[in-house]
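See below for the structure under consideration.
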Amino acid sequence: MSASEKPTDTPERLAFYEKIAKKSLKPLWAVMSNIITPEPTSDCIPHLWKFDEAKEYLLEAGGLITAKEAERRVLILENPGMPDSSKTTTSLYAGLQLVLPHEVAPAHRHSQSALRFVLDGSGAHTAVNGERTTMEYGDFVITPPHSWHDHGNHTDEPMIWLDGLDIPIVTAFDASFVESLGEDEQPINRQTGDSLARFGSNMLPVDYQQERLASPIFNYPYERSRGALETMKNQQEWDPCHGLKMRYVNPVDGGYAMPTIAPFLQLIPKGFKTAAYRSTDATVYVAVEGTGRTTIDGKVFEWGPKDIFVVPSWKWVSHEPDGEAVLFSFSDRVAQEKLGLWRQDRGNS
Ligand code: 1HN
């Protein structure tokens, strides 16, 4: 008998299982092959959401409920393999959030970490820990655990971004706390750009002591990240599985920008097809620039700018853009690495 096989259910055994069930006892050998598997098995399935279609529904939601009443007007990108779970992957949640002109999403804080990746509109703001940042296309913004945050849109166009949260991770640990500030907006006591200047200029305040795991930078502007990729691409050094892939870091310790979610930005050059790759961190991707297709577990998904797709744990993935493309992605890789769980398989590369 191997670990993946289940012993036969004889009538005597079944009677025994039923008897001890009344005492909240259960035979491991009857379930062992379901709870430890030779490879990851997941209810999470590959899926793609077309941004234009989701945007229409989001705007329709805008006519049904205000950001204030909803607290956060978000359509969850719920994985079709996990209905009613509010999950996008087994460990992560993703959604599309709409803030209409002159609306606010009121200040609150919670244990869950959040990231935003800005997809539509320009110039709305989010405030985190006393500082406001304006949001532009492709900006990557973080809300560390238990940080006060509120969003506002003083522009004349709707603003839409992708939210990524570690909700299922926090739920797995039963460690969820949430609190309202009781005000729409938190007091602002730092000028816009302060945290980026202070921590994102290849310098740190002298004697700075790390206070928390999340990065003290909370907006990583697309202009800067994309500019870096633009310079590096001239070197023509491509990873066969990724093209040119960078991770967003916490400048204080060089670790990932967030304690539970690992964010990435990658450029895949024209004419390049990434080699088949798999890893244990199920990943949410959004196409930032370009069009192309991604094959996940043998199934092809065509994408254009702002489309979002999900790659489950341990499924083979390969990207093939039509021209040059830029992809943003996030996964639980940082959490898995801390726990000694993360694995990758680069195939033949
Ligand atoms: C949240 O606080 C935000 O602050 C977005 O924008 C999505 C989903 C679940 C719980 C809290 C936000 C959220 C959320």
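Counting starts at 1 for both ligands and their atoms, following the listed order. Because the structure is predicted, anything quoted here is derived from the model rather than measured.
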Q) Just by distance, do the side chain of Glu103 and the backbone of Ala67 share a donor-acceptor pair under 3.5 Å? A)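 Yes; judged by distance alone, with no hydrogens or angles, the pair exists.
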For ligand 1, which atoms sit closer than 4.0 Å to a heavy atom of [X]?
X      : value
His110 : 1 (C), 2 (O), 11 (C)
Arg116 : 3 (C), 4 (O), 5 (C), 6 (O), 12 (C)
Gln97  : 5 (C), 6 (O), 12 (C)
His108 : 1 (C), 2 (O), 4 (O)

**Q.** Greater than 12 external heavy atoms within 6.0 Å of Phe177's CZ
**A.**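 12 or below, so no.
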Starting from [atom], which protein heavy atom do you reach first, and at what distance in Å?
atom                    : answer
atom 6 (O) of ligand 1  : His151 NE2, 2.6 Å
atom 8 (C) of ligand 1  : Tyr93 OH, 3.5 Å
atom 5 (C) of ligand 1  : Asp163 OD2, 3.4 Å
atom 9 (C) of ligand 1  : Ile167 CD1, 3.4 Å
atom 12 (C) of ligand 1 : Arg72 NE, 2.8 Å
atom 14 (C) of ligand 1 : Leu165 CD2, 3.8 Å

Q | Sole candidate of Tyr256, Phe328, Tyr248, Phe264 that passes ring-ring contact (aromatic ring centres under 6.0 Å, His included) when paired with Tyr220 | A |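 Testing Tyr220 for a ring-ring contact (aromatic ring centres under 6.0 Å, His included) against Tyr256, Phe328, Tyr248, Phe264 leaves exactly one candidate, Tyr248.
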Sidechain N-carboxylate O distance under 4.0 Å for [X], [Y]:
X      : Y      : result
Lys55  : Asp120 : yes
Glu71  : Lys68  : no
Arg278 : Asp297 : no
Arg13  : Asp9   : no

Q. Is there a path of hydrophobic side-chain contacts, each under 4.5 Å between heavy atoms of I, L, V, M, F, W or Y residues, that connects Phe140 with Leu165?
A.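 Each belongs to a different hydrophobic cluster.
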(Q) I'd like to know whether ligand 1 has Glu71 as a neighbour, heavy-atom separation below 4.0 Å. (A)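 Glu71: no contact with ligand 1 (<4.0 Å).
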